[in-house]
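All residue numbers in this chain count up from 1 along the given sequence.
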Amino acid sequence: MIDLPDLTAVKAALRKQRIETPSWAYANSGTRFKVFPQAGVPRTPEEKIADAATVHRFTGAAPSVALHIPWDRVDDFGALTGFAKDLGIEIGAINTNVFQDEDYKLGSVTNPDAVVRRKATDHLLAAVSIMDSTGSRDLKLWFSDGINYPGQDDLRDRQDRMAAALRETYDRLGDGQRLLLEYKLFEPAFYATDIPDWGTSYAHCLELGEKATVCIDTGHHAPGTNIEFIVAFLLRAGKLGAFDFNSRFYADDDLMAGAADPFQLFRIMYEIVRGDALDPAYGINFMLDQCHNIEAKIPAIIRSVMNVQEATAKALLVDRDALRAAQRDGEVLEANAIVMDAYNTDVRPLLAELRTEAGLDPDPIAAYHRSGYQEKIVAERADGTQAGWGA
């Protein structure tokens, strides 16, 4: 056990922490084989926002919800923004979808067909217009574009097409807006993905300019990848804009953050703390990107928020002065012990105390179950068509 330091600064940092939840996590989702519907799932963007506001009500740490277009398209985004504000949250990142239309079978912005490329790029530009209406800062782009076979298309030409679409979209951004460029090692393309890793995303962002930054999805890497190294590198370069937090065992599993490897989440959050990047003023969007296929959705999202908070609290407990001294002196075992002592500390009482001080229930999951909200939405949403991937 470590001697706990003065917790005033730790609590102050945790009070500022903000975690964005994704609208699609409240809807029905599944695997390639089956989508399992659940009772009480939202039918409209407004109901997704109501569920997101409920998560914030019980955690106090999730004041924004990301939208996905066209899944969350409405006629009046200004009115939707006002609806969210009335519930105590705001609209966060706007996510685009250029992977579900039939036209995108061979790619979207990298498609060999110029007509398809134009359609995809116009969708990205339309998303920026939605940002104008919602007041969103972040446009988050993920492309499924890639090829399955050698020779299917020209690898370099596809990079040129990607760069052209990104440039046109980047130039459309207004003041205070920025582009977050995600990446994914594979799937649905298996031979070559057009933006497969953080380095490719980083290179495109460097070419675009200061308003383009990398989004790290914690499930989008090869097994064994040292994600905290990527975090440290991008922080040093000033190019880390966002996270999509989730857990994976094998690939892009989209499980609850901190569920598969909580130690990895701790190591990531330590690099954030070490880089003084936890404060919202730094500009990193800490967002969840998860699909709750078999578990209850709102409790799972609450649990994910709590898991990120716990990893962050442990990271804040690392004795950085002692760690630096051990590193300087080459004390390998001592340096590792300092990190492990912080990780092995039970921070749940600290977080329960923090919630109580904020007027929240110290146990958000239990409070949610007592609230009756789940029973309420099951009854109210019995009719109509539930929201989902549309797959």
Begin with the C-alpha distance, continue with both residues' side-chain angles, and end with the deciding distance and a verdict on salt bridge (Lys or Arg N to Asp or Glu O under 4.0 Å) for Lys184 and Glu187. CA-CA 8 Å; Lys184 189 174 184 181; Glu187 192 192 37; 3.0 Å; yes
Let's go through Lys48 and Asp72 carefully: what are the C-alpha distance in whole Å and the side-chain angles of both, what is the deciding distance for salt bridge (Lys or Arg N to Asp or Glu O under 4.0 Å) to 0.1 Å, and is it a yes or a no? CA-CA 9 Å; Lys48 295 177 188 176; Asp72 295 319; 2.6 Å; yes
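A side-chain donor-acceptor contact under 3.5 Å links Glu295 and His292. For the residue pair Tyr373 / Asp51, a side-chain donor-acceptor distance below 3.5 Å is found, with atom types taken as modelled. No hydrogens or angles considered: nothing links the side chains of Asn246 and Asp253 as a donor-acceptor pair under 3.5 Å.
Using a cut-off of 4.0 Å between Lys/Arg side-chain N and Asp/Glu carboxylate O, Arg117 and Asp113 are scored as not salt-bridged. A salt bridge links Asp244 to Lys140: at least one charged side-chain nitrogen sits closer than 4.0 Å to a carboxylate oxygen. Residues Asp319 and Arg324 are not paired through a salt bridge, judged by the lack of any N-O separation under 4.0 Å between the basic side chain and the carboxylate. A salt bridge between Lys85 and Glu90 is absent, with no side-chain N of the basic residue lying under 4.0 Å from a carboxylate O of the acidic one. At a threshold of 4.0 Å, the pair Lys11-Glu357 counts as salt-bridged, since one of the basic side-chain nitrogens sits closer than that to a carboxylate oxygen.
We find the CG-CD distance between Asp194 and Gln159 to be 6.0 Å, quoted to the nearest 0.5 Å.
Between Phe266 and Tyr343, the ring-plane angle classifies as tilted under the 30° and 60° cut-offs. Taking the six-membered ring where tryptophan is involved, the planes of Phe243 and Phe245 are essentially parallel, since the angle between them stays under 30° and well short of 60°. Ring geometry for Phe186 versus Phe190: interplanar angle of 30 to 60°, hence tilted.
For Phe233 and Tyr202, the ring centers sit closer than 6.0 Å to each other.
Under a cut-off of 6.0 angstrom, the local environment of CD1 in Ile294 is sparse, with at most 12 non-hydrogen atoms contributed by other residues, nucleotides or ligands. Shown here is Arg348, whose CZ atom has no more than 12 heavy atoms of other residues, nucleotides or ligands within 6.0 Å. Within 6.0 Å of the CZ atom in Arg274, the count of heavy atoms belonging to other residues, nucleotides or ligands does not exceed 12.
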